[in-house]
Amino acid sequence: GGAADIIKRAMIRLPLVLAEAGLKARMLLQVHDELVFEVPEKEVKTTQSLVRDVMEKVAHLDVPLVVETGVGHNWDEAH
């Protein structure tokens with residue numbers, strides 16, 4: 001239940017943060033504890049950094065939230 005709440009908070013926050021940064025990245029779907037985005041190649045590094053930052057700070061816990069990112073032309077390649 002807690003992980004579901006955290007990912008939902010990130011999903012609510014990220015579209016606004018991406019838009020405010022002027023990025024064209026789009027959140028496509030959630031797969032368990034992952035979010036999948038469609039990102040123009042020239043925005044990949046910036047989007048990765050921004051998404052990681054938002055997701056790691058979206059909840060205040062006694063333990064750190066650590067986010068890993070992957071990039072690929074499909075979901076399988078990103079892992």
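Residues in residues 39-50 take part in these side chain to side chain donor-acceptor pair (under 3.5 Å) pairs, two or more places apart or across chains: Gln48-Thr69. Pairs passing the ring-ring contact (aromatic ring centres under 6.0 Å, His included) check and including a residue from residues 58-79, sequence neighbours excluded, read Trp75-His79. Applying the salt bridge (Lys or Arg N to Asp or Glu O under 4.0 Å) test to pairs two or more places apart or on separate chains, those with a residue in residues 50-70 are Asp53-Lys57. For residues 2-22, no pair satisfies side chain to side chain donor-acceptor pair (under 3.5 Å), with sequence neighbours left out.
Between Pro40 and Ala25 the shortest heavy-atom distance is CD-N, 4.1 Å.
Legend: residues meeting side-chain contact (heavy atoms from CB on, under 4.5 Å) with Asn74, ordered by chain and number and at least two apart, are Asp76, Glu77. Every salt bridge (Lys or Arg N to Asp or Glu O under 4.0 Å) that Arg26 has, sequence neighbours left out, goes to Glu38.
Through direct or relayed side-chain contacts under 4.5 Å between Ile, Leu, Val, Met, Phe, Trp and Tyr, Val54 connects to Ile7, Met11, Leu14, Val17, Leu18, Leu23, Met27, Leu35, Phe37, Val39, Val44, Leu50, Val51, Met55, Val67, Val71.
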